[in-house]
Enquirer: 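Before we start, here is the structure in question, set down as structure tokens.
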Amino acid sequence: MKIHEYQAKQLMAERGIAVPVGRVATTVEEAVAAVRPIVSETANPVVVVKAQIHAGGRGKGRFREHPELGGVTVVTAGIDGGVEAAEEAVRELAAKMLGSTLVTVQTGPEGKPVNRLYIEQGIDIARELYLSILLDRAVSHEVVMASTEGGMEIEKVAAETPEKILRADIDPCVGLLGFQAAALGWGLELEGPAHANFVRFVRALADAATEWDTDLIEINPLVVTADGDVMALDGKMAFDDNALFRHPEVVAMRDVTEEDPDELEAKEAGLSYIKLDGTIGCMVNGAGLAMSTMDIIKYFGGEPANFLDVGGGANAEQVATAFQIITRDPNVKGIFVNIFGGIMRCDTIATGIVDAVKKVGLEVPLVVRLEGTNVELGKRIIDESGLDVISASDMKDGAQKIVELAK
Amino acid sequence: MSILVNADTKVIVQGLGKTGQFHTDKAIAYGTRMVGAVHPSKAGSVHVFEGATDPSGVPGRDETYRVELPIFRTVREAVAETGADASVVYVPPPFAADAIMEAADAGIRLIVAITEGIPVADMVRAKRYLEGRDVRLVGPNCPGVITPRECKIGIMPGYIHTPGRIGVVSRSGTLTYEAVYQLTKLGLGQTTAVGIGGDPVNGTDFVDVLAMFEEDPDTDGVIMIGEIGGTAEEDAAEFVKSEMTKPVAGFIAGMTAPPGKRMGHAGAIISGGKGTAAAKVAAMEAAGIVVAPTPTDMGQAMLEALGR
């Protein structure tokens, strides 16, 4: 589960991890009202207006309705015009940004609607660094990654100048140790108060990562100010979905408007669904089989419309929900049901399919491949239903048939 | 011979809820030596399992069975009373890592964790706890381990398996069944099939299982089934190239998976350009592994690798 930048900063601030002063706004008036307290608290007339969406690349992104405008805009009007001028500039910006669509490299061409802004103090940046904490699967524990190349795309840094990526392993027994944090700081060419501030920052963040069950924390950039302060100028956080049961405070931060409504509905029904761009809807049991069903469709010249794993113990109702979600997609020109019933019985799946088709109708070709427990019974249920269902002898046969039919 | 489990393996089940009961019943029907259960709230009682014996399981048994399975409070008590050397974990996700560590502490030799949805941080700690102990964890989020006609630990359907000389190791449940079924239909039986699970942190990886199959005199070849995410398949390819003498076939799921999306399994995600199917297939082919172009060709790929 992802959260917004302002929420990540709120979590960090609660743990004493340094972040700039800021306020969130969902209306123009709230945005304007945020300016005066920020300016007076920081004694700095410069503020920054940041669009809040669950995607990166906001600074370089552009609003579809206002192509001249980026997702992160610095307001300097207050330097000469005082706080009133800053307020007016923020009013104008907020009116344009709120309700508009921000397109960045990560949103895809359709962009994302901006419903929240974060108004933040301007920072006098001396250096921009990179910091992240994530699981290294090869060693089965979390690691800290840091780099002097803040503000850059870290994958690019890793590929082109791997020597600029510093790393520290977090032993789950003891956490990130003082000497490790110190070495990272020196590796980042930090000295004096900035070094001490960094050590405090990264140790607190590493402890928090474990406590919060984050999948990823990425601070890019982590800035060093002219005064030697070290703070998170940006903050990206994603949480382990399997651990959300013990973090109600994080669950409360969920912004469902950022999630695909079909994927959300599927999740609530206990299904795993991901929408894709193709024309052949898939319904499969098991993640590996579901992925390879997409692959085999592509192999025979088709394009999958979705990933859908109904799981090992789906009931007829879940199968019906899955069917509804697939058929709702206007791109779908054919459906391929591919089931290897191990523990799941084929007759359960067959009953679910028949019920679903009767309930939601069927306007596109449907190919069903059943194998495994109670396969004969499953096939009989489908045959006797009188539905226009095409049987497949195996996965290859089914994929070839549906690709042909969906042309 | 086989790896990990055989007819002598004595198994306890941790977590005798609805799922645990269902699969324990299937395991007993197959002929697995289930000797006890750990379920604190039911401790002191017995759970009675009875039904018709699975004809595809351990041969030479009566057509029906009736087993009174004793239930214990702790794994330690269960081991002391039953002499169990293996455990299967169906404990719900919030408590599953604790159950794994308890089993390790009690001297269990093989822990098979079926539970899906264990927090990653819990598994990071559990794996660290297991370091240096004489115990092997398989899973979590896996179908389990089966040596056909000897011992079935987990949730796989027994009847698709046949005894034979091919080792199977996989990150995916249903794809394992698919591969096993194809092998069986081609007349290639299995020594042991091992599901290592779809989570990003697991107890046993491809290399561990490949090494065991390499050592097993009754295994002639191995089929490994991977998927997107992580670099376990690349590491396995390196191992096959440098350490293995036996033929290996394989398959990778997720050629069409979009980056940044978790494809059902917690570990099946391409992130930061890492963990793509194409990179895994390339590494495997470079190591001489015969990679099936589609999942329907897995059995055929094994035949090809065996040179038949």
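Here is how names work: the chains are called A, B, and so on, in the same order as the sequence lines, proteins then strands, and each is numbered from 1.
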Enquirer: Indicate whether the side chain of B:Thr256 and that of A:Lys298 have a donor and an acceptor atom separated by less than 3.5 Å.
Expert: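 Side-chain D/A pair, B:Thr256 to A:Lys298: absent.
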Enquirer: Under a 4.5 Å heavy-atom cutoff, which of A:Leu135, A:Ile154, A:Leu216 has the most pairs with chain B?
Expert: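 Going by pairs under 4.5 Å, I would pick A:Leu135.
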Enquirer: So which part of A:Ser272 gets closer than 4.5 Å to some heavy atom of chain B, the side chain, the backbone, both or neither?
Expert: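 Just its side chain gets close to chain B.
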Enquirer: Has B:Phe95 got more than 12 heavy atoms of other residues, nucleotides or ligands less than 6.0 Å from its CZ?
Expert: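 Counting other residues, nucleotides and ligands, CZ of B:Phe95 stays at 12 neighbours or fewer.
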Enquirer: Between B:Ile228 and A:Met291, what is the shortest heavy-atom contact and its length?
Expert: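 Reported closest heavy-atom pair: CG1-SD, 3.8 Å.
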Enquirer: Taking the side chain as every heavy atom from C-beta outward, state whether B:Pro93 and A:Asn242 have any pair of such atoms under 4.5 Å apart.
Expert: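 Answer no - side chains too far apart.
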Enquirer: Chain A heavy atoms under 4.5 Å from B:Ile225: which part of the residue, side chain, backbone, both or neither?
Expert: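 Neither part; nothing is under 4.5 Å.
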Enquirer: Using the ring of each side chain (for Trp, its six-membered ring), is B:Tyr177 parallel, tilted or perpendicular to A:Phe340, with breaks at 30° and 60°?
Expert: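 Plane angle between 30° and 60°, so tilted.
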Enquirer: Please round to the nearest 0.5 Å and tell me the distance separating atom CG of B:Asp235 and atom CZ of A:Arg137.
Expert: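 It is 11.0 Å, given to the nearest 0.5 Å.
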Enquirer: Between atom SG of A:Cys173 and atom CD of B:Glu131, what is the distance when rounded to the nearest 0.5 Å?
Expert: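 If we round to the nearest 0.5 Å, A:Cys173:SG and B:Glu131:CD are 8.0 Å apart.
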Enquirer: Of all heavy-atom pairs between B:Pro295 and A:Ile296, which one has the smallest distance, and what is that distance?
Expert: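 Between these two residues, the closest heavy atoms are CD-CD1, 4.1 Å.
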Enquirer: With a 6.0 Å cut-off (strictly less than), is the heavy-atom count around NZ of B:Lys185, excluding the residue itself, greater than 12?
Expert: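 Counting other residues, nucleotides and ligands, NZ of B:Lys185 exceeds 12 neighbours.
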Enquirer: For the candidates B:Ser172, B:Pro200, B:Ala121, which exhibits the highest count of non-hydrogen atom pairs separated by less than 4.5 Å from chain A?
Expert: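 The option with the most such pairs is B:Pro200.
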Enquirer: A:Leu289, A:Asp397, A:Leu244: which one forms the most heavy-atom pairs within less than 4.5 Å of chain B?
Expert: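 Of A:Leu289, A:Asp397, A:Leu244, A:Leu289 has the most heavy-atom pairs under 4.5 Å with chain B.
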Enquirer: Pick whichever of A:Asp309, A:Asp394, A:Val284, A:Asn285 has the most heavy-atom pairs under 4.5 Å with chain B.
Expert: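 Of the options given, most contacts go to A:Asn285.
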Enquirer: Find the one option among B:Lys127, B:Glu178, B:Arg125 whose heavy-atom pairs under 4.5 Å with chain A are most numerous.
Expert: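 Of the candidates given, the most pairs with chain A belong to B:Glu178.
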Enquirer: Is the shortest side-chain N to carboxylate O distance from A:Arg246 to B:Asp122 below 4.0 Å?
Expert: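 Yes, charged N to carboxylate O under 4.0 Å.
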Enquirer: Who wins among A:Asp171, A:Leu276, A:Asp241 for the most heavy-atom pairs under 4.5 Å with chain B?
Expert: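 Top option by heavy-atom pairs under 4.5 Å: A:Asp171.
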Enquirer: Determine which residues belonging to residues 260-271 of chain B lie within contact range of chain A, meaning some heavy atom pair is under 4.5 Å apart, and list them by number or answer 'none'.
Expert: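 Residues in range: B:Lys261, B:Arg262, B:Met263, B:Gly264, B:His265, B:Ala266, B:Gly267, B:Ala268, B:Ile269.
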Enquirer: Among residues 205-213 of chain A, which residues come closer than 4.5 Å to chain B, judged by heavy atom distances?
Expert: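 The residues closer than 4.5 Å to chain B, in numerical order, are A:Asp213.
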Enquirer: Measure distances from B:Phe251 to the heavy atoms of chain A and classify the residue's part below 4.5 Å as side chain, backbone, both or neither.
Expert: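 Side chain of B:Phe251 only, per the 4.5 Å heavy-atom cut-off to chain A.
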Enquirer: Can you tell if the side chain of A:Phe307 reaches within under 4.5 Å of the side chain of B:Pro258, non-hydrogen atoms only?
Expert: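 A:Phe307 vs B:Pro258: side chains apart.
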Enquirer: Of the listed residues (A:Gly372, A:Pro304, A:Gly278, A:Gly311), which shares the most heavy-atom pairs with chain B below a 4.5 Å separation?
Expert: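 Greatest number of close heavy-atom pairs with chain B: A:Gly372.
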Enquirer: Answer yes or no: is there a side-chain heavy-atom contact under 4.5 Å between B:Arg128 and A:His141?
Expert: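 SC-SC contact between B:Arg128 and A:His141 ruled out.
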Enquirer: Between B:Gly254 and A:Asp295, what is the shortest heavy-atom contact and its length?
Expert: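 Heavy atoms only, the tightest pair is N-OD2, 2.7 Å.
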Enquirer: Under 4.5 Å heavy-atom distance to chain A, tell me which part of B:Pro94 shows up: side chain, backbone, both or neither.
Expert: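 Both the backbone and the side chain of B:Pro94 come within 4.5 Å of chain A.
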Enquirer: Taking every non-hydrogen pair under 4.5 Å, which of B:Thr231, B:Asp205, B:Thr176, B:Asp297 racks up the most with chain A?
Expert: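 Maximum pair count with chain A is reached by B:Asp297.
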Enquirer: Taking all atoms of both residues into account, what is the closest heavy-atom pair of A:Gly288 and B:Ala253, and its distance?
Expert: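 The pair with the smallest heavy-atom distance is O-CB, 3.6 Å.
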Enquirer: Relative to chain B, which segment of A:Glu303 carries a heavy atom at a distance below 4.5 Å: side chain, backbone, both, or neither?
Expert: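 Neither the backbone nor the side chain of A:Glu303 comes within 4.5 Å of chain B.
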Enquirer: Under 4.5 Å from any heavy atom of chain B, what part of A:Asp215 do you find: side chain, backbone, both or neither?
Expert: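 Only the side chain of A:Asp215 comes within 4.5 Å of chain B.
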